[in-house]
Amino acid sequence: MAIFIFIAVFMVVLIANFASSEVAASSVVVVGSSNPKEEGNKLVMVQEEEDMDGGFSSLDGMLQWAIGHSDPGVLKERSEVAQRMSPEELNKRQTELKELMEKLKMPSDAQLMLIAVNDLNNSSLPLEHHLRALEELLVLVEHIDNAIDLQKLGGFSILVRILNHSEPEIRTAAAWVLGKASQNNPIVQKQVLELGALTVLMKMMKSHTTEEAVKALFAISALIRNNMNGRSLFYQEAGDTMLQEVLSNSNLDIRLHKKSLFLIADLAESQLENENTAEVSFFSNRLLLKAIVDSMASSDLDLTEKALYAIKNILLLRSTEVQLFKDFCKLNEVLERTRQQLNDHSEEYAMDVESLRKEVNLTFLQKLNESLA
């Protein structure tokens with residue numbers, strides 16, 4: 001508090017010595033005396049310099065705050081003392097004020113990221129410091145420009161490297177940061193893919209730590225969504241097998257099942273939107289298709305809905321082997337069981353899922369009829 005009073009007093013002194021009544025109204029701050037009737041005591045402050053902005057939105061805001069929270073009598077007394085300073089003393093105080101304002105400044109996002117990157121690159125620091133640095137980056141990379149700038153600081157290389165860290169907490173946090181930075185950011189997606197992150201993240205899916213697998217899948221999805229090169233690499237790395245193993249393992253956290261189904265639906269939709277590209281064998285993996293269909297019979301309505309969306313999008317693909325859905329996956333039977341299960345739910349959400357189920361059933365029957373024609 002004393003710091004701000006000092007700044008306020010000194011600024012009042014500067015005003016008294018250097019202000020001009022010709023300053024434009026749009027760039028001034030009027031400071032009145034303790035007695036509002038004393039119009040002759042009004043002072044005018046020139047527009048603040050940008051390089052003196054501190055933790056407040058402007059020097060104007062800081063000055064008004066300091067004056068408003070100061071005792072008028074004390075402020076007046078200190079102002080009178082300061083006004084008796086010589087020009088040399090005033091210049092010295094002005095320099096001191098600038099230095100003080102620099103110290104009060106918050107570091108920029110780029111500076112904060114550099115500090116975090118340097119901490120991560122310092123293996124002598126304890127685990128807590130590395131986790132704190134990753135938490136800081138997780139917040140900062142949400143801004144798309146910060147995510148792009150992180151590469152210039154060498155941040156992605158370090159993050160990909162520590163995906164192989166011995167501590168699961170570090171690996172989990174690093175995957176989370178990479179996922180956040182890559183979301184809807186093709187520049188970052190390209191950079192991270194080129195560093196080989198996708199292969200490492202897919203290996204992390206086999207982790208015995210649930211959170212590590214969840215964050216790894218989150219990062220995988222963020223890297224390949226709306227990214228043709230990312231999807232191609234995912235297919236090459238046997239992404240279908242990875243997702244099939246997740247969906248076939250009932251012991252895994254349900255979040256992994258939901259995220260896997262969401263990713264499959266998104267991949268099929270991307271294939272639909274790019275009809276000129278060659279369709280991939282990913283959607284012909286019978287074990288994967290059966291795992292998707294079996295997920296539909298879950299008691300969790302959200303999981304059922306995500307499975308239905310995935311099936312719907314796959315059925316719309318030109319190359320879909322509908323007979324495989326009928327004979328191997330028993331889709332017609334599972335759709336009927338799902339209808340019976342949904343009838344046991346009275347909530348409105350169940351009605352929405354039932355509408356989707358009917359749509360999938362209709363698409364399936366149409367596709368089946370076309371294959372027999």
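Just so it is clear, the structure is predicted and the values come from calculations on it, not from any experiment.
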Smallest separation among heavy atoms of [X] and [Y], with atom names:
X    : Y    : value
L163 : M204 : CD2-SD, 3.8 Å
L198 : L193 : CB-CD2, 4.1 Å
L315 : V360 : CD1-O, 4.0 Å
K180 : F218 : N-CE2, 3.6 Å

Legend entry - Main-chain N/O of I162 paired with R171 side-chain donor or acceptor, under 3.5 Å: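 No, R171 side chain to I162 backbone: no donor-acceptor pair under 3.5 Å.
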Does [X] reach the side chain of [Y], with side-chain heavy atoms less than 4.5 Å apart?
X    : Y    : result
L233 : Q236 : yes
V139 : E135 : no
C329 : V334 : no
L288 : F282 : yes
I264 : I314 : yes

Inset, instruction - Give me the one residue out of L159, V188, I158, L178 that meets side-chain contact (heavy atoms from CB on, under 4.5 Å) with L150. - result: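 Of L159, V188, I158, L178, side-chain contact (heavy atoms from CB on, under 4.5 Å) with L150 is met by L159 alone.
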Inset, instruction - Check each of L243, L261, L287 against I292 using the side-chain contact (heavy atoms from CB on, under 4.5 Å) test, and report the only one that passes. - result: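 That would be L261.
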Inset, instruction - For R286 and E321, run salt bridge (Lys or Arg N to Asp or Glu O under 4.0 Å): C-alpha distance rounded to whole Å, both residues' side-chain angles, the deciding distance at 0.1 Å, then the answer. - result: CA-CA 10 Å; R286 60 171 55 200; E321 298 176 38; over 6 Å; no
So for atom [atom1], which belongs to [X], do other residues, nucleotides or ligands contribute more than 12 heavy atoms lying within a distance under 6.0 Å?
X    : atom1 : value
K290 : NZ    : no
K190 : NZ    : no
E237 : CD    : yes
F262 : CZ    : no
I187 : CD1   : no
N184 : CG    : no

Legend entry - Check ion pair R255-E211 (N to O, under 4.0 angstrom):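 Looking at E211 together with R255, the answer is yes, because their closest N to O distance falls below 4.0 Å.
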Legend entry - Carboxylate-amine/guanidinium contact R357 E354, below 4.0 Å: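 Looking at E354 together with R357, the answer is yes, because their closest N to O distance falls below 4.0 Å.
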Legend entry - Modelled atom types, side-chain donor and acceptor of E269 and Y309, under 3.5 Å: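 Result is no, nothing qualifies.
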Inset, instruction - Report yes or no: do Q340 and E336 form a side-chain donor-acceptor pair below 3.5 Å? - result: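 The answer is yes; a qualifying pair exists.
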Inset, instruction - Examine L362 and M296 and state if one hydrophobic cluster contains both, with Ile, Leu, Val, Met, Phe, Trp and Tyr joined whenever side-chain heavy atoms are less than 4.5 Å apart. - result: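 In one cluster: no.
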Legend entry - Shared hydrophobic cluster for I115 and L134 (ILVMFWY, side-chain gaps under 4.5 Å):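 Each belongs to a different hydrophobic cluster.
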Inset, instruction - Evaluate the side chain to side chain contact (heavy atoms under 4.5 Å, CB included) criterion for residues N313 and Q271: first the C-alpha distance (whole Å), next the side-chain angles of each, then the deciding distance (0.1 Å), finally the verdict. - result: CA-CA 9 Å; N313 288 349; Q271 188 69 38; over 6 Å; no
Inset, instruction - Would you please classify the geometry between the H130 ring and the H165 ring as parallel, tilted or perpendicular, with 30° and 60° separating the classes? - result: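 Answer is perpendicular, since the angle exceeds 60°.
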Legend entry - Mutual orientation of the aromatic rings belonging to Y235 and F283 [parallel < 30°, tilted 30-60°, perpendicular > 60°]: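 Perpendicular: the ring planes of Y235 and F283 meet at over 60°.
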Inset, instruction - Any chance you could lay out the salt bridge (Lys or Arg N to Asp or Glu O under 4.0 Å) test for R132 and D119, step after step, and finish with the verdict? - result: CA-CA 9 Å; R132 194 178 303 119; D119 283 352; over 6 Å; no
